[in-house]
Structures are given as structure tokens and as C-alpha cells.
Amino acid sequence: MDSVNQINDSVENSGESKSIDFVRDIVSEDRRTNDGDNQVITRFPPEPNGYMHIGHVKSATLNFGIASETNGTCNLRFDDTNPTKEDIEYTNAFEKDLKWLGLDWGDHKYFSSDYFDKLYEYALILIQKSKAYVCDLNQDEIRNYRGTLTQPGRESPYRDRPIEENIQLFEGMKAGRFEEGSRVLRAKIDMASGNLNMRDPVLYRILKSEHHRTRDKWCIYPTYDFAHGQSDSIEGVTHSICTLEFADHRPLYDWLLEALGIYHPKQIEFARLNLSHTVLSKRNLSRLVSDHHVDGWDDPRMPTVSGMRRRGYTPKALKDFCERIGVAKRDNTVELALLEHCVREDLNKSAKRVMGVLNPLRVVIENYPADQVEELNAVNNPEDPEMGSRKVPFSREIYIERDDFLEDPPKKFFRLTPGREVRLRYGYFITCTDVLKNPDGEIVELRCTYDPDTKGGHAPDGRKVKGTIHWVSVQHAINAQIRIYDNLFIDSKPDPEKDLSDTLNPNSLNVLTGCKVEPSVREATKEDMYQFERQGYFCVDSRDSIPEELVFNRTVSLRDSWGKKKKEM
RNA sequence: UGCCCGGUGGUGUAGUGGUAGCACAAAGGACUUUGAAUCCUUUAACCCAGGUUCGAAUCCUGGCCGGGCAGCCA
């Protein structure tokens, strides 16, 4: 939010009118034009029938961002007009996620259901004006009467009912005198319109199920089209920002407000976010959960806020991402790489460095005294001296990463090989003298010697080593389970029609056990972020980690130019 | 054969009549006690065709391509 303000400031100072996105252009143009009242009110209107995901974050940062940049307000409004789908569980989850993101609605928390009485009055007014009528057609009949994309519809036989009869019938609907599905209230617009939304759209339907807030007070509920615009109007929303698929509804949005003669907010549509290698539609996300392809809505592979949070993504990274992707009207698929870049950029500055060996290989340093332990000094974060340093215990037996040793190395392999000297990070130079194998020929242990003069990693004679590898003292190592995540989907643009099992990445989760981590992480608490040097960023899993068996999630790997090169070889 | 919205490097996004910019990605190099970070360099784009204009990514016309819409979902 701050950086956005900075951008605005610098723009104002330089006297330029550099645009940030077309929505903000419209808002500032409106502010310039409406002399007197420049108050901006936006709203973030989730339907509480699913969990917040990265697509919601784009919308939320847009709405809350515009409000904060203009000293306006952004209302959190739960769009709860369909009791059969919505639940309190989801409203709580949304609030939790928004708070975690640092998006603050103050005391502007509303529900569409707060306006059910008012909305009912509005409906009566429409009937009164002969702009709405009760229709007895059933669902199939309404569909048939609507016509098709290329053919006009036919008018309902109930379209010209007298006003009085409509009022009585509508009151009857409210009183529960009619069966669910037997009647609806419809707007009287134009059955021949090229825009199907204008072919006498349904305004109210009978739904005899309990609403999570209004309980059994109502058995008729407004549709989205009737609730949304009027709720915007009631709240004095100036800019009602929604996604592209609602553009077709704007004529209806405008028509209703005009017909009622009430305050008329402006609807603006932008393109929703698509992210590569994942899905963002509510339907597909819940399919992943219900079919057990993931372990719940907060599975760290999920693009949900709770999943990303558990994975170790930070609010700052998420908001930075939303700023970078921009806001426009063309369909788009943003590469996951950009999100990962934002995460790395934040964590590079803030995460404490630590050494952890994912796939341990035992190394015995033969000329190091068996009973000796040294405390070596290690920097906590080279990007931030304020974070200080720590002591790391060193002893005769250590673990190194299996990938850091190769008996028969390719060119440009800088790590340990037989006879070669490398540096142990913050430790000594060691040279590999022997390779021990089991009967199957697998390497089980390395024998090395160290140079006592290279403590801390410097050679007094000035000789250089090409490689520096990380390590953990065997007797001091903490055991950990580490979960390595990869893209949920193989395809960058998963086809929702395809069978999920054909397009899901079978290796999206790789659980490593027996990992060895330096003792300083014993103090790790939930959601603490670490960089395991040369590996990536990791956080303690908030659900499964216990002090006796730490569980880490790999948030994102470090960039790995060697790994890339290796793949090509 | 209806209505609406869009097409700028691989991806995302600026540019609104005057040298097509930025970020991510990719490639190369420098530096390096993280093959990280940092720094430098490079590759790479206006859907097509006409028109208006001294000059068009931008304005006009016609195509082409993509997306959305036929819930009593939002």
C-alpha cells in the first residue's frame, strides 16, 4: 500500500499524470469531475461459499488499495443471497485471511442479507411502477420462453398481471404460501433483447432453507442481480469493481437503479487473474479438495490464502505480486514464476539463514579430534547485518548433502569429489580422501581431512576453493521432515475439461524424512521463515510440526542456475 | 447466423497522433565463504488489410483470432 502511495506522490510531484491502471484512471477522472464530493467508496464482495484465493487477493488489493490511496473506504460485504450455498464458516475464513493480509475494513463490515427488508421494499416499488411482475412459469418454462443466443424470447403469459395481483402474489411468496420454484418475481424489460440478462430477469425466488444469518425470517431471496447493485447503492458505493463476466449484467445493474430512481454507483469490470500451473475457479478448487487430490483448503499446494500462508508465502509478497500483475481487461495468465519471484524477494531480505541437509551423507573428518566440538560463527542474514550472528557446532562427524558429492563429476562441478578440496560454509576446508560403499555399491560415507588453518573458511596462504557446501554436525543435528512442493498441475494452463488425474502433477508433494537441521532451529515456531542455505526458503508447518518431530514446508527453492545447467547436460 | 469485451516480446503490463518502455522469464558475463543475492549485457512485440494524416500501436472501415453470456449461482 505504501509503495502505491509513493508512486502517487512521485507522480504528483513530477506533475505527470502517469496512469497505473484503467480502473484508477476512471476513479481519478471521476474525482476530478465531481467537484465537491470526492469521497471514494469501494467494496470487496465475496460470496461466503468457498475459501479466499489469490484471485480474490487481486480484487481485494484493488478495492482496498483504491480506497486507501484516495482516503476513501472499502466495505467488506458478504454477498449472501443464496442460503443453500453459503455458510458462516466461510465468512470467518475470509475475515481471517483478509486480516492476515493486512487489509482493513474498519467497522465497514456488511452483508447483503442486512438489506433484505430494504430490498423487499424496492421490489414492491418496481411492481408498483409496473416494472416487475410475479411469474408462474416453472424453471424449464422460463428457460424455454427466454429464447436462445440467436433467437428472441417470448413474453410470459403472466407478464401483464394487474399491479394489485402482483403485490398480493409477491406478499404470498414472502409469507411462504407457495411452493419452492412455483413462482418468481421478474423484472419487466425486453424479451427480445440481444442481452439475455435483459429478458425479464428473475429478481426473487422462493427458497425454503435456513439462512446462516437471517435464519427462517425469509423464504424468498433476491438474486445477485437484484441484490448487488441495490446494496451498492444503499452503501453509497461510488465504484463497484467486478470481473469481466459481469459486464453483460451492467445494463441490468443500470436499469434497476434507474427504475428505482436511487443513487447510482458505477460498475467497472476488469479481467480476473489466471495463474499458470494451477486452477482458480471455486468449482475446480473444491474438486481438488473433495476428491482428495490435496489435503484440504489449506494444503500448501493450494492457491488459497490459507494454503499459501501455510506454504510460507508472505502478505507482503502477495500484495507485491498483485501490484506487479496490473489491472486490465484482456484475458491473462500470469506465470507462477512471478509469484515465486515476489516471495523470494521478500524472504531474501527477511529470512534467517540456517543450514539444513535434506538428503544426508555422513562425512568423517579423520584428522579432527574425536571428542572436540567447536562453536563456529555464522551470519544470520548477509542482507541485513541487524539480524546478527549465531554459533554453529562443528565436530568430527558431519552430514553433507548427497548432491554435493560426485565420484565422477562432470565439468564445472564445483563441489566435493575424490581428492578435491572444498569449503564447509563458515567451517574449514576439507579434502575427500576415501569413499565408502555398501555391497550394493551405494555410497554410505565419505572420509575427509581438514586443514586446521582454514577455520572460518579462510586460508592464510590465500589459496582458493571453488565450492562452498553446507553441513550439519552429526551429534548436534536435529531430525526433521521436509515437504518439497512442486506445481500442482503439469500443464501451464490446465484444461478443466480434462480428467484431473491426467493433468495433475504426480510429484507435487515429496516428503523427505531423516533430514538434518542445525540445532539453532530448535527454537523455531510456527510460520517462522528460514533460508536453508543453498536450498531454499522453509517454514515450520503450522499443522503437523511438533517439537519432537519438526516438519518444514519448502516455500520456494532458491534460484538454481547449476540445476538448470545440469538438466541440459 | 444475437449481444458484449478483448488482441503490444515467451508471460504480464505501459504507451491514448511524434524514436514502442518496464517487470518476470530466457541467454551471456562480472562478483561471490549460498552455483543465492547483487551488478552489467543480450535476445525478443504492436493480429491482418485498407483508409485518414507530414506522421498511426494509438483515429476510421472491413476482416481474422480469443473470451464471456441462454442458473430461480455469484
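Letters A, B, ... mirror the listed sequences (proteins, then strands); counts begin at 1.
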[N]: pairing nucleotide in any strand, Watson-Crick or G-U under 3.5 angstrom:
N     : value
B/G55 : none
B/G2  : B/C69
B/U32 : none
B/U61 : B/A49
B/A27 : B/U41
B/G12 : B/C22

For the side chain of [X], counting heavy atoms from C-beta on, which of [options] is nearest?
X        : options             : value
A/Asn348 : B/A37, B/C73, B/U13 : B/A37
A/Glu533 : B/A74, B/U34, B/G71 : B/U34
A/Asp331 : B/G67, B/C73, B/G35 : B/G67
A/Leu558 : B/U34, B/C72, B/A25 : B/U34
A/Asn82  : B/U34, B/A74, B/C69 : B/A74
A/Leu149 : B/A74, B/C69, B/G35 : B/C69

Can A/Phe552 and A/Phe538 be said to form a ring-ring contact (aromatic ring centres under 6.0 Å, His included), step by step? CA-CA 6 Å; A/Phe552 287 95; A/Phe538 296 80; 7.0 Å; no
Does a donor on one side chain and an acceptor on the other come within less than 3.5 Å for A/His228 and A/Arg43?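 Yes, because at least one side-chain N or O of A/His228 sits under 3.5 Å from a partner of the opposite role on A/Arg43.
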Could you tell me if A/Tyr253 and A/Asp232 have a donor-acceptor pair between their side chains, going purely by distance under 3.5 Å? yes
Would A/Phe246 count as stacking on B/A74 if stacking means ring centres less than 5.5 angstrom apart and planes tilted under 30 degrees?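 By the stated criterion, A/Phe246 and B/A74 do not stack.
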For A/Asp87, does its backbone N or O pair with a side-chain atom of A/Asn49 as donor and acceptor, under 3.5 Å? no
Between A/His470 (side chain only) and A/Gly356 (backbone N and O only), is there a donor and an acceptor less than 3.5 Å apart?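 Checked: pair present.
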[atom1] atom, [N] versus [M]: distance in rounded Å?
N     : M     : atom1 : result
B/A27 : B/U43 : C1'   : 7 Å
B/C24 : B/G71 : P     : 45 Å
B/G67 : B/C72 : P     : 25 Å
B/A45 : B/G51 : C1'   : 24 Å
B/G62 : B/A23 : C1'   : 36 Å

Once you apply a heavy-atom cut-off of 4.0 Å, does [X] come out as touching a base, just sugar-phosphate, or nothing?
X        : answer
A/Arg423 : base
A/Thr223 : sugar-phosphate
A/Lys282 : nothing
A/His470 : nothing
A/Pro251 : nothing
A/Tyr145 : nothing
A/Thr81  : sugar-phosphate
A/Gln531 : base
A/Val465 : nothing
A/Arg415 : base

Does the distance from a Lys or Arg side-chain N to an Asp or Glu carboxylate O, for [X] and [Y], drop under 4.0 Å?
X        : Y        : value
A/Arg390 : A/Glu518 : yes
A/Glu171 : A/Arg177 : no
A/Lys188 : A/Asp200 : no

RNA chain B: 5'-proximal contact among A/Gly563 and A/Pro46 (nearest heavy atom):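 It is A/Gly563 whose nearest nucleotide is closer to the 5' end.
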A/Ile206 or A/Tyr426, whichever maps to the more 5' nucleotide of RNA chain B: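 Nearest nucleotide further toward 5': that of A/Tyr426.
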Atom [atom1] of [X] and atom [atom2] of [N]: how far apart are they, to the nearest Å?
X        : N     : atom1 : atom2 : value
A/Asp560 : B/U32 : CG    : P     : 21 Å
A/Ile325 : B/C24 : CD1   : P     : 15 Å
A/Gln139 : B/C72 : CD    : C1'   : 5 Å
A/Leu336 : B/U11 : CG    : P     : 16 Å
A/Arg143 : B/C72 : CZ    : P     : 8 Å
A/Arg330 : B/U8  : CZ    : P     : 6 Å
A/Glu323 : B/A14 : CD    : P     : 14 Å
A/Leu119 : B/C72 : CG    : C1'   : 16 Å

Mind telling me whether B/G29 is syn or anti, cutoff 90° either side of 0? anti
Any N or O donor-acceptor pair under 3.5 Å from the base of B/U13 to the side chain of A/Arg324?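 Between B/U13 and A/Arg324, which were checked side chain against base, a qualifying N/O pair under 3.5 Å is absent.
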